[in-house]
Amino acid sequence: MLNKELEKALNEQILKEAEASFSYLSMAVWCEFKGLEGSARFFYRQSDEEKLHMMKLIGYMLEMDTKPIVPSIQVMTNDYTSVQSIFEKTLTQEQSVTQSIHNLITLANKDNDYATQNFLQWYVSEQREEESMIRKILDKIKLIGEGPMTLYYIDKEMERINQEILSQEGEAAV
Ligand code: OFO
């Protein structure tokens, strides 16, 4: 069984991952509504990934004979002002998730819980990759510049990034 403090923190992490999943879903919907297909596809996939992160935590708690809490999610913002603002929000969100993963590891260390420390290492790598990818996309968006004329190019770039991710995933599966 996990210690109570860690149990509470892992449940909070489940909530964070669920919120991230729904937040990306609302971004995907906004993008699709605006005709930004490439960006929408990117955020739909992000949303699915965050759900997987949540499920991994749920699975781990069950494996450790501790009952996880399935969270309830508040209604997400469905209004965004621009693609750049969406990616800025994404980066802030990911940085906050990274911080909470680090806090979880500190707690696991304090409790000499080696299994949880080991389990959380996957999240450390995942967050490092996510943050770096989002930062690169933001740099590109800033380079292209935003305006009605450039949205098309931003979305084309997002489609290229989607293809890149798909081929990386394909390579990883081989
Ligand atoms: Fe799961 O928070 Fe990002 O990747």
Side-chain angles (χ1 to χ4, degrees), residues 2 6-32 36 38-64 66 68-78 80 83-109 113 115-141 157-158 160-173:
L2 293 162
L6 208 44
E7 176 182 343
K8 184 171 173 282
L10 284 166
N11 275 319
E12 283 164 5
Q13 191 63 34
I14 289 175
L15 172 63
K16 263 186 172 283
E17 303 289 352
E19 281 173 342
S21 176
F22 274 81
S23 166
Y24 291 144
L25 182 59
S26 92
M27 291 172 183
V29 167
W30 185 86
C31 290
E32 188 166 351
L36 300 164
S39 309
R41 236 186 304 282
F42 176 84
F43 282 112
Y44 281 127
R45 192 185 44 251
Q46 289 297 111
S47 173
D48 289 347
E49 271 197 22
E50 297 301 347
K51 185 179 175 206
L52 275 177
H53 298 174
M54 178 188 77
M55 293 307 295
K56 243 175 131 64
L57 285 156
I58 288 177
Y60 178 70
M61 288 180 78
L62 288 169
E63 198 184 332
M64 299 303 278
T66 304
I69 295 172
V70 176
S72 67
I73 305 294
Q74 300 208 327
V75 175
M76 292 285 144
T77 310
N78 278 313
Y80 301 94
V83 180
Q84 183 171 328
S85 73
I86 286 183
F87 276 97
E88 276 160 358
K89 187 173 168 26
T90 298
L91 183 58
T92 316
Q93 200 164 275
E94 289 301 331
Q95 285 166 335
S96 150
V97 170
T98 302
Q99 191 51 58
S100 60
I101 293 289
H102 293 176
N103 294 346
L104 269 169
I105 294 175
T106 306
L107 266 185
N109 287 348
D113 182 337
T116 305
Q117 287 171 32
N118 178 262
F119 166 73
L120 291 169
Q121 287 310 314
W122 181 87
Y123 286 83
V124 173
S125 316
E126 180 71 14
Q127 286 307 119
R128 191 192 61 235
E129 285 167 18
E130 289 282 299
E131 280 194 33
S132 153
M133 174 177 67
I134 302 298
R135 258 194 300 271
K136 279 186 195 146
I137 294 174
L138 253 178
D139 286 346
K140 287 242 165 70
I141 292 175
E157 180 60 22
M158 288 312 301
R160 196 194 58 73
I161 290 166
N162 288 333
Q163 293 307 324
E164 209 174 280
I165 295 172
L166 276 180
S167 69
Q168 278 166 8
E169 285 172 357
E171 278 166 28

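As the structure lists them, so they are numbered: ligands from 1, and atoms in each ligand from 1. Positions are given from 1 along the sequence.
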Engineer: How many angstroms lie between CD1 in Ile137 and CZ in Arg135, if you round to the nearest 0.5 Å?
Structural biologist: 12.0 Å

Engineer: Is it the case that the ring center of Phe87 lies less than 6.0 angstrom away from the ring center of Phe43?
Structural biologist: yes

Engineer: How many protein N, O or S atoms are found at a distance of less than 2.8 Å from atom 1 (Fe) of ligand 1?
Structural biologist: 3

Engineer: Is the shortest heavy-atom distance from the side chain of Asn11 to the side chain of Leu15 under 4.5 Å?
Structural biologist: no

Engineer: For Tyr44, does the OH atom sit with more than 12 other heavy atoms under 6.0 Å from it, leaving out its own atoms?
Structural biologist: yes

Engineer: Please say which of Arg160, Met133, Arg41 ends up in a side chain to side chain contact (heavy atoms under 4.5 Å, CB included) with Ile165.
Structural biologist: Met133

Engineer: Tell me if the CD atom of Glu169 is crowded by more than 12 foreign heavy atoms within 6.0 Å.
Structural biologist: yes

